Amino acid sequence: MTKMSRRFLTGAVSAGLVLVLAACSGTTKNDNAGSGGQQSTAAANPNAAAATGVKMAFLPKQLNNPYSDIEVSGGKAALEELKGEYKLVGPNDASASSQVSYINTLIQQQQDVIGIAANDPNAVCPSLNQARSAGIKVVAFDSDAAKDCRDVFINQATTQGIGEALAKQAKDLSGGSGEVAVLSATPNATNQNAWIDVFKKELAKPEYASLKLDKVAYGNDDDQKSFQEAQGLLQSFPNLKVIVAPTTVGIAAAARYVSSSSYKGKVAVTGLGTPNQMRAFVKDGTVKQFALWNPADIGYLAAYAGVALKSGQITGKTGEKFKAGKLGEYTIGENGEIVLGPPTTFDANNIDKFNF
């Protein structure tokens with residue numbers, strides 16, 4: 001982990017979470033979808049000077065999402081350091097095809113780099129490959145596009161580790177047995193589906209034999225929809241013990257519902273959330289523990305990777321290295337994946353040490 005990662009991840013980190021997140025694999029789904037983008041054949045020059053004036057547009061899953069807002073703020077800060085030009089565009093909904101028109105507009109505007117958190121790994125591919133054919137570098141962050149549609153992918157942590165951690169949280173909070181449910185974002189979200197796949201595989205292991213997954217519900221990363229889905233899960237499964245929400249919108253909505261219902265103290269809520277949005281629910285006992293990385297660092301790393309690509313310092317090949325400002329040096333892994341670092345577990349003992 002980098003120095004800055006450690007700065008944000010100090011405090012009482014769960015030893016088990018750190019261990020399961022230490023050795024993991026990639027996340028890309030449907031790797032061959034939408035192939036045909038122009039690939040660079042030039043060799044990387046790690047000693048090349050970082051280009052200034054690089055125009056990088058960030059296209060998150062949706063605008064006005066608290067988590068996405070934190071992510072792109074890190075990208076903006078990095079581009080200020082790099083003397084680049086920051087742009088933010090995106091849809092108000094997180095549907096599969098909602099990002100396509102924005103990619104097409106960014107091509108027309110001749111952006112140098114597009115940073116995208118894909119709502120669907122395949123729906124965005126034709127437009128992303130048009131962008132690459134036009135010489136635009138593509139950095140996927142947070143939620144991957146198919147690997148043939150982008151140059152690199154900034155992953156929060158490894159898919160295997162996150163899925164394992166979610167399963168461990170469910171087991172710990174249920175007391176080792178009982179019914180659990182998942183409240184996800186959209187049905188096509190690359191990262192959500194990858195984490196849930198690992199989560200299901202973990203539950204199939206002998207040590208999780210006493211846990212039963214009732215349902216995977218989808219709140220579409222909409223607060224009210226997620227609130228309603230949480231309510232529906234508890235009404236449909238009266239013996240439910242844990243709701244696992246690997247989405248910041250979902251976990252906050254589920255916690256809000258449980259906190260003001262008769263299920264408080266009986267049904268645990270966990271998953272991935274930011275300390276600031278979850279603090280009140282931890283303080284009132286609704287949420288015992290949850291996990292996350294620092295979202296701003298994802299955007300920050302994406303911006304540095306984008307400028308490194310544009311500058312020729314990297315091309316996206318395995319083993320290439322580049323420096324990412326305050327985060328230190330990173331090495332590109334298989335399939336162009338760059339892993340930020342392991343998240344931390346937040347609980348009543350350490351949540352007040354964090355402010356994001």
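Fair warning: this is a prediction, and the values are worked out from it, not measured in the lab.
- Considering only heavy atoms from C-beta on, L79 comes within 4.5 Å of F58 through its side chain.
- Taking each heavy atom of A255 and V269 in turn, the nearest pair found is N-CG1, 4.1 Å.
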Full working for side chain to side chain contact (heavy atoms under 4.5 Å, CB included) between V138 and L309: CA-CA 9 Å; V138 176; L309 283 164; over 6 Å; no
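- Counted by atom type alone, Q169 and T270 present one or more donor-acceptor pairs between their side chains at under 3.5 Å.
- Looking at every heavy atom in both residues, D142 comes nearest to A117 through CB-CB, 4.2 Å.
- Between the side chain of T105 and the backbone N or O of S101 there is at least one donor-acceptor pair closer than 3.5 Å.
- In plain terms, the two heavy atoms of A302 and M56 that are nearest each other are O-CE, 3.5 Å.
- For N355 and N276, the side-chain atoms include at least one donor-acceptor pair closer than 3.5 Å.
- A heavy-atom distance below 4.5 Å is not found between the side chains of L340 and N155.
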Let me check something: any side-chain donor-acceptor pairs from residues 84-95 under 3.5 Å, sequence neighbours excluded? List them with distances.
| unit_1 | atom_1 | unit_2 | atom_2 | d |
| --- | --- | --- | --- | --- |
| D93 | OD2 | S95 | N | 3.2 |
| D93 | OD2 | S95 | OG | 2.6 |

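- Within the model, atoms CD1 of I107 and CZ of R132 stand 12.0 Å from one another, a figure rounded to the nearest 0.5 Å.
- Here CD1 of I351 is found 5.0 Å from CZ of R279. Values are rounded to the nearest 0.5 Å.
- Residues D284 and V287 fail the side-chain proximity criterion, which asks for heavy atoms closer than 4.5 Å.
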Trace of the side chain to side chain donor-acceptor pair (under 3.5 Å) decision for N220 with T186: CA-CA 4 Å; N220 294 335; T186 64; 5.7 Å; no
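- Looking at N188 and N119, their side chains never come closer than 4.5 Å, going by heavy atoms from C-beta outward.
- Between the side chains of D347 and Q289, no donor-acceptor pair is found at a separation under 3.5 Å.
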K168/L173 under side chain to side chain contact (heavy atoms under 4.5 Å, CB included): CA gap, chis, key distance, verdict: CA-CA 8 Å; K168 185 178 185 301; L173 292 170; over 6 Å; no
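- V339 and F322 are members of different hydrophobic clusters when ILVMFWY side chains are connected at heavy-atom separations under 4.5 Å.
- Using cut-offs of 30° and 60° for the angle between ring planes, the F356 and F354 rings count as perpendicular.
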Tell me which donor-acceptor pairs under 3.5 Å the side chains of residues 240-249 have, and how far apart each pair is, sequence neighbours excluded?
| unit_1 | atom_1 | unit_2 | atom_2 | d |
| --- | --- | --- | --- | --- |
| K241 | NZ | S174 | O | 3.3 |
| K241 | NZ | S177 | O | 3.1 |
| T247 | OG1 | D221 | OD1 | 2.5 |
| T247 | OG1 | V249 | N | 3.4 |

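- Salt-bridge annotation for K201 and D197: absent, with no side-chain N of the basic residue lying under 4.0 Å from a carboxylate O of the acidic one.
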Worked verdict on Q192 versus S184 for side chain to side chain donor-acceptor pair (under 3.5 Å): CA-CA 7 Å; Q192 300 283 311; S184 186; 3.0 Å; yes
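- A 4.5 Å side-chain heavy-atom check between V198 and I162 finds every atom pair outside the cut-off.
- Pairs engaging residues 230-282 under the ring pair (Phe, Tyr, Trp, His ring centres under 6.0 Å) rule: F227-Y257 [sequence neighbours left out].
- In the model, T190 has no side-chain atom that pairs as donor or acceptor with a side-chain atom of D144 under 3.5 Å.
- Note that CG of L59 is 4.5 Å distant from CD of Q99, once rounded to the nearest 0.5 Å.
- Using a cutoff of 4.0 Å between basic side-chain nitrogens and carboxylate oxygens, D112 and K310 are scored as salt-bridged.
- Distance check, rounded to the nearest 0.5 Å: CD1 of I136 to CD of Q110 gives 8.0 Å.
- Of all the heavy atoms in L301 and A324, the pair that sits closest is CD1-CB, 3.6 Å.
- T331 and K321 are linked by a side-chain donor-acceptor pair at a separation below 3.5 angstrom, with hydrogens and angles left out of the test.
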Test side chain to side chain contact (heavy atoms under 4.5 Å, CB included) applied to D223 and R256, step by step: CA-CA 10 Å; D223 177 74; R256 192 170 78 253; 2.9 Å; yes
ring-ring contact (aromatic ring centres under 6.0 Å, His included) assessment of Y304 paired with Y330: CA-CA 10 Å; Y304 266 88; Y330 280 83; 9.9 Å; no
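- Both L166 and I196 are members of a single hydrophobic cluster when ILVMFWY side chains are connected at heavy-atom separations under 4.5 Å.
- The CG atom of N45 lies 10.0 Å from the OG atom of S311; values are rounded to the nearest 0.5 Å.
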Verdict with reasoning, D151 to V139, per side chain to side chain contact (heavy atoms under 4.5 Å, CB included): CA-CA 6 Å; D151 295 291; V139 178; 5.8 Å; no
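- No hydrogens or angles considered: a donor-acceptor pair under 3.5 Å links the side chains of E81 and Y300.
- A salt bridge links E229 with K225: the closest approach of a Lys/Arg side-chain nitrogen to an acidic carboxylate oxygen falls below 4.0 angstrom.
- In terms of modelled atom types and a separation under 3.5 Å, the side chain of E71 and the main chain of G299 share no donor-acceptor contact.
- Between V54 and K137 the shortest side-chain heavy-atom distance does not fall below 4.5 Å.
- Interatomic distance, I114 CD1 to I103 CD1, rounded to the nearest 0.5 Å: 6.0 Å.
- No more than 12 heavy atoms of other residues, nucleotides or ligands shown are found within 6.0 angstrom of NZ on K288.
- The minimum heavy-atom distance linking T318 with G333 is given by the pair OG1-O, 3.3 Å.
- Salt bridge K317/E320: absent, no basic N to carboxylate O contact under 4.0 Å.
- Under the 4.5 Å side-chain criterion, counting only non-hydrogen atoms from C-beta, I116 is not in contact with K61.
- When all heavy atoms of A305 and I338 are compared, the closest pair comes out as CB-CD1, 4.4 Å.
- A cation-pi contact, defined as under 6.0 Å to the ring centre and within 45° of the axis, is absent between K147 and F153.
- Checking K212 against N239 by side-chain atom types alone, no donor-acceptor pair falls below 3.5 Å.
- L292 is listed as a side-chain neighbour of Y67, based on a closest heavy-atom distance under 4.5 Å.
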